[in-house]
Amino acid sequence: MRRGVVAVLTAAAMGSCALLAAQPAAAAVSGDPWVSEPGDGVYRFTVPNSAVLDAVGTAPATVRVEGNFGPGHDSSLLSLDRNGTNWVATLGPLEPGQYHFQYEATIAGSEEEIQFGNPDAPQAVTSQPNLSTFFVDGAEADWMSDVEGGGELSTLTYRSNAAHAERSAQVWTPPGYDAARADAYPVLYLLADSGQSYKEWTELGRASQILDNLAIDGEIEPMVVVMADGETSKVKQEILNNLAPAVRADYNVSSDAADQAIAGIGRGATQALELLVSDTGKFSSVGSFSGTFTGKISNGKAKQINSRTDLVRIYTGNVTDDSYNDNVALAAQLDKAGVEFESDGSNPDHGDVWETWQEALRDFSTRIFQDAGDHGMSEGHVALATEHVLPEPGTTPTPWIEENGVVTFETTKFPDAKNVNVWANWGPSGNWLRIPMVREGDRWTLTVGALQGGSYYYRLTGDRVDAKDEGNPTVVNSEPNWSTFYVDGEGLRAEFTKDVAPEQRGDVAVMEYDSISGAKRQAYVWTPPNYDANRAEPYPVLYLQHGGGQTWSDWIQVGRAAQILDNHHAQGTIADMVVVMGNGNGVDFPREITEAITTTAEAQYNVSSDGAHRAVAGLSMGSGHALSTLWAHPGEFGYVGAFSAFGNVPANADVQAINEGTKLLSIYTGDFQDFTYQNTLSLVGSLKNRGVNHEFNPEIPGPHSWDVWQKALIDFLPKLFTVD
């Protein structure tokens with residue numbers, strides 16, 4: 001198990017040797033000087049204040065970047081901080097895939113929000129000029145990466161009698177396209193959603209790259225793909241009478257119904273389904289991506305569809321997709337009418353976002369004009385069984401957490417606010433992102449997901465005023481506006497921060513002690529499930545410290561240290577130990593721990609006073625406390641852990657006594673987003689220069705956050721009390 005924990009951390013991080021190297025130059029991304037990638041998968045947004053003033057006309061109260069960075073690639077807001085003449089924020093590591101973003105400034109007093117983009121960046125999204133994009137490479141997104149030898153993209157302009165205007169469409173032709181080929185190519189028409197342009201299939205959806213990869217890999221039949229604007233109520237006239245003849249006139253495509261397919265997003269999907277019913281047989285394959293259908297289908301029409309159509313396949317995102325319930329109803333309607341169709345089920349990871357539609361295009365295009373073989377759902381998808389219904393407002397604690405990682409918030413706070421957000425650590429590697437809530441009657445609501453498994457903490461903000469979610473009974477003493485929740489799932493943090501069965505849990509009690517400050521203070525104490533106060537051999541003990549701005553309760557209330565200990569103990573991966581979490585604020589900590597905390601713990605609990613069976617560790621300020629105790633009292637704590645550490649070895653440190661009395665000195669850090677990162681590197685350099693024995697663990701991707709410290713604790717605990 002120890003190897004498993006280390007493997008997870010190492011797989012996601014650089015080794016310590018790489019850490020000590022200089023960070024790579026922050027090259028501009030996609031020609032945009034405001035966006036750089038200073039680390040692998042980590043992106044920095046740097047917006048000149050002068051550009052903000054040009055965009056909004058006055059000094060802003062806040063500046064944020066808005067993009068599809070949230071859970072399930074939902075739109076979210078990342079706050080930028082003023083740094084000299086710039087506004088700056090860092091985010092990542094990002095999962096591979098396509099990202100789009102713009103900037104937003106809030107005007108103080110009016111709470112007016114103004115969106116803007118970088119006027120010097122290459123234009124990325126024609127219909128939304130403030131949006132920019134970038135693509136994050138990675139194995140998971142190889143199927144939509146740029147590839148040599150792909151097809152060609154061209155623009156077709158045609159006369160639309162439905163719109164009484166000239167219109168355009170983008171046309172993708174496959175590699176090796178031959179305008180004179182004897183056998184004309186089959187053709188797929190892709191329709192956009194309401195509010196989208198025909199170019200968004202390529203500008204945001206990366207349809208060209210998806211098709212390139214599929215064609216090169218031989219997964220699709222060579223075809224022509226036409227991406228069109230369906231902004232019309234006369235879809236039959238637009239598609240069948242205007243667009244299709246123009247395509248046949250300019251491209252070598254078949255007019256045979258067996259070689260025609262159509263699909264679309266949202267409104268475009270509805271239009272495709274309407275054509276399936278109104279002009280049955282014109283298209284041999286029909287795909288609906290997050291679509292709806294309100295028409296009627298008779299049994300006779302169903303038989304006609306079945307005899308004239310090779311494939312009808314419907315796609316939807318998870319329950320956050322606005323069309324989810326409509327697709328449940330659509331599947332039931334098709335089934336009742338007797339229409340032969342296939343359902344790709346619900347994409348559990350995303351809602352009505354481009355990630356869902358990209359995967360739908362990938363799947364659908366491999367099934368048309370050839371025998372697909374498998375007619376089931378994509379791997380991991382969930383069958384459309386019943387409509388998704390949330391509890392009645394005000395009837396449950398918040399957030400409401402579902403088994404699929406979807407989480408719903410509601411609040412009646414901020415009745416007069418213009419903008420209300422949930423601000424949480426649900427960004428990549430624990431970055432804090434805001435997601436806007438929606439006003440519904442007397443309350444604000446938000447449904448988001450799917451969230452990755454693990455523990456989360458958040459607060460509400462209304463017109464930039466923070467507030468506690470009073471519907472959530474959890475408490476964070478050091479941050480009164482915070483609430484917490486846990487989402488079941490996979491991954492290291494989910495595995496170790498979940499609640500174990502009651503009989504497997506250790507006991508958490510409050511220990512009161514007399515501080516050297518003269519005040520009464522408290523500490524949380526975790527004892528293992530089999531703790532025996534009368535055991536002949538005292539238990540080894542870990543003294544675990546919080547960070548600055550925190551207090552003795554944070555490791556339990558936010559860090560879920562009890563759950564981490566419970567899970568380790570249940571798996572048999574740690575020694576039986578007692579863990580004491582004291583208050584390190586405002587005191588000479590080496591004195592506090594040796595004169596107050598340890599003496600009280602040894603008086604009230606069956607714990608060892610032998611340095612070989614005592615450990616001290618902490619995060620941030622607490623790491624400084626652990627290290628200062630090591631320098632001042634070498635040998636009194638045989639195991640020392642420093643998470644997001646800082647400080648150098650003092651000039652008067654007794655290195656020989658430290659090395660002889662310390663069985664393990666283990667250093668952890670987040671990546672360069674952690675503001676103590678350089679301090680940790682300095683500490684490690686100091687340890688090396690002075691000859692202090694230590695281990696420097698692989699960096700943990702993420703900022704100065706509980707996500708990093710939880711992973712550090714998960715890895716650190718099994719190392720304790722293993723050497724006699």
Checklist entry - Should the pair Y99 and F134 be assigned to parallel (<30°), tilted (30 to 60°) or perpendicular (>60°) ring geometry? => result parallel
Item to check | Side chains of T46 and N86, donor plus acceptor under 3.5 Å | outcome: no
Next on the checklist: With salt bridge (Lys or Arg N to Asp or Glu O under 4.0 Å) as the rule and sequence neighbours excluded, what pairs involving residues 468-477 come up?
Outcome noted: K413-E470
Next on the checklist: Measuring only between side-chain heavy atoms, which start at C-beta, is Q557 closer than 4.5 Å to W482?
Outcome noted: no
Item to check | Exercise: do E203 and T126 side chains pair donor with acceptor under 3.5 Å | outcome: yes
Checklist entry - If we only count heavy atoms from C-beta on, is the S145 to F135 side-chain gap below 4.5 Å? => result yes
Next on the checklist: Is the positively charged end of R64 above the ring of Y103, judged by distance under 6.0 angstrom from the centroid and angle within 45° of the axis?
Outcome noted: no
Checklist entry - Above 12 or not: heavy atoms from other molecules or residues under 6.0 Å from CD of Q452? => result no
Next on the checklist: Which residues pass the salt bridge (Lys or Arg N to Asp or Glu O under 4.0 Å) test with D81, not counting sequence neighbours?
Outcome noted: none
Item to check | Considering all heavy atoms, the nearest S36-P38 contact | outcome: O-CD, 3.4 Å
Can you list, pair by pair, the side-chain donor-acceptor contacts under 3.5 Å of residues 48-62, counting residues two or more places apart and other chains?
{"residue": "N49", "atom": "OD1", "partner": "W87", "partner atom": "NE1", "Å": "2.9"}
{"residue": "T62", "atom": "OG1", "partner": "T106", "partner atom": "OG1", "Å": "3.0"}

Next on the checklist: Are F69 and L91 packed together at the side-chain level, in the sense that at least one heavy-atom pair is separated by less than 4.5 angstrom?
Outcome noted: yes
Next on the checklist: Looking only at side-chain N and O atoms, does E355 offer a donor or acceptor that is under 3.5 Å from a partner on N68?
Outcome noted: yes
Checklist entry - Is there a side-chain contact between E238 and S160 (heavy atoms, below 4.5 Å)? => result yes
Checklist entry - Is there a side-chain contact between V407 and Y456, using heavy atoms and a 4.5 Å cut-off? => result no
Item to check | pair F643-T669: side-chain heavy atoms closer than 4.5 Å | outcome: no
Next on the checklist: Is there a side-chain contact between P93 and V42 in this structure, where contact means two heavy atoms from C-beta onward sitting under 4.5 Å apart?
Outcome noted: yes
Checklist entry - Just checking, is any N or O donor in the side chain of Q102 or E66 under 3.5 Å from an acceptor N or O on the other one? => result yes
Next on the checklist: What I want to check is whether the side chains of N472 and T398 have a donor and an acceptor closer together than 3.5 Å.
Outcome noted: no
Next on the checklist: Checking D352 against S290: is there a side-chain donor and acceptor pair closer than 3.5 Å?
Outcome noted: no
Checklist outcome for this item: Sorted by chain and residue number, the ring-ring contact (aromatic ring centres under 6.0 Å, His included) partners of Y458 (sequence neighbours excluded) come out as F409, F485
Checklist entry - For E359, which residues count as a salt bridge (Lys or Arg N to Asp or Glu O under 4.0 Å) partner, sequence neighbours excluded? => result none
Item to check | Between CG on residue N318 and OG1 on residue T356, distance to nearest 0.5 Å | outcome: 7.0 Å
Next on the checklist: Check this for me: does any side-chain nitrogen of one of E231 and R267 sit under 4.0 Å from a carboxylate oxygen of the other?
Outcome noted: yes
Checklist outcome for this item: dist R443:CZ -> T412:OG1 (nearest 0.5 Å) comes out at 6.0 Å
Item to check | Within-4.5 Å side-chain heavy-atom neighbours: T133 and L204 | outcome: yes
Item to check | P397 to P473 - nearest heavy-atom pair and separation | outcome: CB-CD, 4.4 Å
Item to check | Residues which pass ring-ring contact (aromatic ring centres under 6.0 Å, His included) with H704, listed by chain and number, not counting sequence neighbours | outcome: F675, W709
Checklist entry - Quick one: do the H381 and D344 side chains pair a donor with an acceptor below 3.5 Å? => result yes
Checklist entry - Does the side chain of Q209 pick up a donor-acceptor pair with the side chain of D146 at under 3.5 Å? => result yes
Next on the checklist: Assess whether a salt bridge exists between R459 and D466, defined as any Lys/Arg side-chain N lying under 4.0 Å from an Asp/Glu carboxylate O.
Outcome noted: yes
Item to check | Donor-acceptor contact present, side-chain R439 to main-chain P415, <3.5 Å | outcome: yes
Item to check | Other residues, nucleotides, ligands: >12 heavy atoms within 6.0 Å of W143 CH2 | outcome: yes
Checklist entry - Heavy-atom count around E166 CD within 6.0 Å, excluding the residue itself: above 12? => result yes
